[in-house]
Amino acid sequence: MITDKYYIRGQNESLILREIINKKNISRVELSNLTGLNKASVSSITKKLIDTKLVKEIGTGDGSITGGRKPILLAFNPKAASSISFDIGHNYIEGLLSYLDGEEIVSITKTDFPITKTNVLSLLNKMIQSLETKEPDSPHGIVGITIAIHGLVYNNHIIFTPHYDLDQINLAEELSQLVSYPIYIENEANLTAIGEYTFASNHNNLVCISIHNGIGAGIVFNGLIQTGNNGNAGEIGHSTLIPDGKLCPCGNRGCLELYTSNKSILQSILEVKKLDDINLKVAQQLFQKDDAETKAIMEKSAYYLSIGINNIITLYDPEVIIIQSPLYNEIPELLDIVTNHLQSQFSKKTTIQISSLNKKATLYGALAITVQHFLNIQQLKLL
């Protein structure tokens, strides 16, 4: 069933395991009924899953109305393995070592210095070694590393990063020379979306807008990330908001993120208020003190964001749009401004909400990718 340390390959094994995860606790008879596999096959597969510690027996359930033996219930064992997740921003790296269900073992953060192609491998390697010292005993150990990149990623390669130069190295290949785990590289917004889908949302079709120095949209349709033909899907930050507007590093003019990203908002406040320095905390304080200039900048930004959201709704018709932004988390009034500007009939059935996972969504999404590969299960829910 398991061809190497990191992957479950058998289709039927993955089918059985997904039902066990989805149902929380379930009997072999119920598994046979749900999957259409005969009882002998279910018994054989569940034995292998128990032997490899991915599944455990947790007691007995209720007997049938006709009496007879009570069924033995099965449950997924999330502590059978652990995973390492990273989020690499332009001036920080956040790392998480967790069990397969997201339970944190230890986290680590390096911040307030530029991340570049020359220092990123050394930083990651040191952080991995630090996390490894906290690795608990488990049957499968650490089963993979997934890294969130703030830029365009396709087929595990970094294609374009407007806010740092990591597109100039083959990060997955170079890191694989230093560690033995499978390495997965993915766009940060995509991971934020799959993190919301896997760990927080009951919806199967959602878009998560990730707002930091830039803006990206992760699109999940029927539980699967939509990346497009070349990995460009969801690059809403580089959609045109203002024709012939500000020049963007992508080569376009008037891109949405030049007017609605955290970086653009802070820069505008810095210039208008004639400050020496600014951060999100200062901007929040100015807003909450009813500073007229700050509020005007943020309200205009929220209006512009509503235009981008309206375009997303007309293109993808999601059940829910989730905003993942430290600014919107701290100033939830901005969400009201966004929704008040959504007057189209197309937006009436789409819920707009702020992420409940906050900044953890990206790391949870990275975990979800590792777990999907390890268990060979897509459309995985670990609510």
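Since this is a predicted model, take the numbers as computed values, not measurements. Residue numbers count from 1 along this sequence.
- Counting heavy-atom neighbours within 6.0 Å of Lys126 NZ, excluding the residue itself, gives a total of 12 or less.
- Proximity of Leu383 to Asn202: side-chain heavy atoms (C-beta onward) are separated by under 4.5 Å at one or more points.
- The two residues Ile278 and Leu266 make their nearest non-hydrogen contact at CG2-O, 3.6 Å.
- Nearest heavy atom pair, residue Gly214 against residue Glu257, reads CA-OE1, 3.4 Å.
- Checked by atom type and distance alone, the side chain of Ser14 pairs as donor or acceptor with a backbone atom of Leu375 at under 3.5 Å.
- Within 6.0 Å of CG in Asn279 there are more than 12 heavy atoms belonging to other residues, nucleotides or ligands.
- Tyr164 and Leu175 fall within a single hydrophobic cluster, where Ile, Leu, Val, Met, Phe, Trp and Tyr side chains are chained together by heavy-atom contacts under 4.5 Å.
- Between Thr118 and Thr116, the side chains place a donor N or O and an acceptor N or O closer than 3.5 Å (distance only, hydrogens not considered).
- No more than 12 heavy atoms of other residues, nucleotides or ligands sit less than 6.0 Å from atom NZ of Lys53.
- The ring of His150 has its center closer than 6.0 angstrom to the ring center of His212.
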Ile88 vs Val120, test: side chain to side chain contact (heavy atoms under 4.5 Å, CB included). Steps then yes/no.
CA-CA 9 Å; Ile88 304 180; Val120 67; 3.9 Å; yes
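- Both cation-pi conditions hold for Lys381 and Tyr197: the charged atom is under 6.0 angstrom from the six-membered ring centre and inside a 45 degree cone around its axis.
- In this structure, Thr198 contributes its side chain and Gly195 its backbone to no donor-acceptor pair below 3.5 Å.
- In this structure, NE2 on His203 lies 6.0 Å from CD on Gln353, to the nearest 0.5 angstrom.
- To the nearest 0.5 Å, atoms OG1 (Thr314) and CD1 (Ile309) are separated by 12.0 Å.
- No side-chain donor from either of Asn170 and Glu174 sits under 3.5 Å from a side-chain acceptor of the other.
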Yes or no on side chain to side chain contact (heavy atoms under 4.5 Å, CB included) for Lys23 and Leu34, after CA distance, side-chain angles and deciding distance?
CA-CA 11 Å; Lys23 298 299 181 181; Leu34 283 171; 3.7 Å; yes
Verdict with supporting geometry, Ser306 and Val338, side chain to side chain contact (heavy atoms under 4.5 Å, CB included)
CA-CA 5 Å; Ser306 74; Val338 170; 4.1 Å; yes
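- No side-chain donor-acceptor contact under 3.5 Å links Asn252 to the backbone of Cys255.
- A 4.5 Å side-chain heavy-atom check between Lys110 and Tyr92 finds every atom pair outside the cut-off.
- Between Glu57 and Arg28 a salt bridge is recorded (basic side-chain N to carboxylate O distance below 4.0 Å).
- Classification of Lys273 and Glu293 as a salt-bridged pair holds, one side-chain N sitting under 4.0 Å from a carboxylate O.
- Between His373 and Tyr184, the gap from one ring centroid to the other is short of 6.0 Å.
- Using a 4.5 Å heavy-atom cutoff, the side chains of Asn232 and His238 are not in contact.
- Leu382 places none of its side-chain heavy atoms less than 4.5 Å from the side chain of Tyr364.
- Counted within 6.0 Å of CZ on Phe346, heavy atoms from surrounding residues, nucleotides or ligands total 12 or fewer; the atom is thus considered open.
- Remark: the backbone N or O of Ser41 is not paired with any side-chain donor or acceptor of Ser44 at under 3.5 angstrom.
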Decide side chain to side chain contact (heavy atoms under 4.5 Å, CB included) for Ile211 and Leu327; before the verdict, give the C-alpha distance in whole Å, the side-chain angles of both, and the deciding distance to 0.1 Å.
CA-CA 8 Å; Ile211 306 174; Leu327 191 62; over 6 Å; no
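- Side-chain N or O atoms of Ser32 include one that pairs as donor or acceptor with a backbone N or O of Leu37 at under 3.5 Å.
- The cluster map of Ile, Leu, Val, Met, Phe, Trp and Tyr, joined by side-chain heavy atoms under 4.5 Å apart, puts Ile58 and Val42 in different clusters.
- The closest donor-acceptor contact from the side chain of Asn329 to the backbone of Ser325 lies under 3.5 Å.
- Considering every non-hydrogen atom in both Cys248 and Leu258, the closest pair reads CB-CD1, 3.7 Å.
- Note that the CD1 atom of Ile183 and the CD1 atom of Ile185 stand 7.0 Å from one another [nearest 0.5 Å].
- Residues passing the ring-ring contact (aromatic ring centres under 6.0 Å, His included) test with Tyr154: none are found, sequence neighbours excluded.
- For Glu132, the CD atom sits in a packed shell: over 12 heavy atoms of surrounding residues, nucleotides or ligands are nearer than 6.0 Å.
- In the model, Ser85 has no side-chain atom that pairs as donor or acceptor with a side-chain atom of Thr146 under 3.5 Å.
- Of the candidates Ile105, Val106, Ile145, Leu131 forms a side-chain contact (heavy atoms from CB on, under 4.5 Å) with just one, namely Val106.
- No side-chain heavy atom of His157 sits under 4.5 Å from any side-chain heavy atom of Leu171.
- Annotation for Lys246 and Tyr259: closest pair N-OH, 3.0 Å, computed over non-hydrogen atoms.
- Residue Ile323 is grouped with residue Tyr316 when hydrophobic side chains (ILVMFWY) are merged at heavy-atom distances under 4.5 angstrom, including chains of intermediate members.
- Thr370 places no side-chain N or O within 3.5 Å of a backbone atom of Ser83 that could act as its donor or acceptor partner.
- The CG atom of Leu124 lies 10.0 Å from the CD1 atom of Ile84; values are rounded to the nearest 0.5 Å.
- Under the 4.5 Å side-chain criterion, counting only non-hydrogen atoms from C-beta, Tyr328 is not in contact with Asn262.
- Separating the NZ atom in Lys360 from the CG atom in Leu357 is a distance of 8.5 Å, to the nearest 0.5 Å.
- Proximity of Pro136 to Tyr99: side-chain heavy atoms (C-beta onward) are separated by under 4.5 Å at one or more points.
- Ile72 and Phe76 fall into different hydrophobic clusters, where Ile, Leu, Val, Met, Phe, Trp and Tyr side chains are chained together by heavy-atom contacts under 4.5 Å.
- When atom types are taken as modelled, the side chain of Gln284 and the backbone of Ile331 share no donor-acceptor pair closer than 3.5 angstrom.
- With rounding to the nearest 0.5 Å, the separation of OG in Ser210 from NZ in Lys359 is 13.5 Å.
- No side-chain heavy atom of Thr60 sits less than 4.5 Å from a side-chain heavy atom of Leu73.
- Between the side chain of Gln372 and the backbone N or O of Gln378, no donor-acceptor pair lies under 3.5 Å.
- If you chain together hydrophobic residues whose side chains sit under 4.5 Å apart, Ile352 and Phe221 never meet in one group.
- A donor-acceptor pair under 3.5 Å is absent between the side-chain atoms of Gln324 and the main chain of Ile322, judged by distance alone.
- The aromatic ring centroids of Tyr303 and His341 lie less than 6.0 Å from each other.
- Nearest heavy-atom pair, Glu196 versus Ala361, reported as atom, atom and distance to 0.1 Å: OE2-CB, 3.8 Å.
- Remark: Lys47 engages Asp51 in a salt bridge, criterion side-chain N to carboxylate O under 4.0 Å.
- Taking every heavy atom of both residues into account, Ser344 and Asn310 meet most closely at CB-OD1, 3.6 Å.
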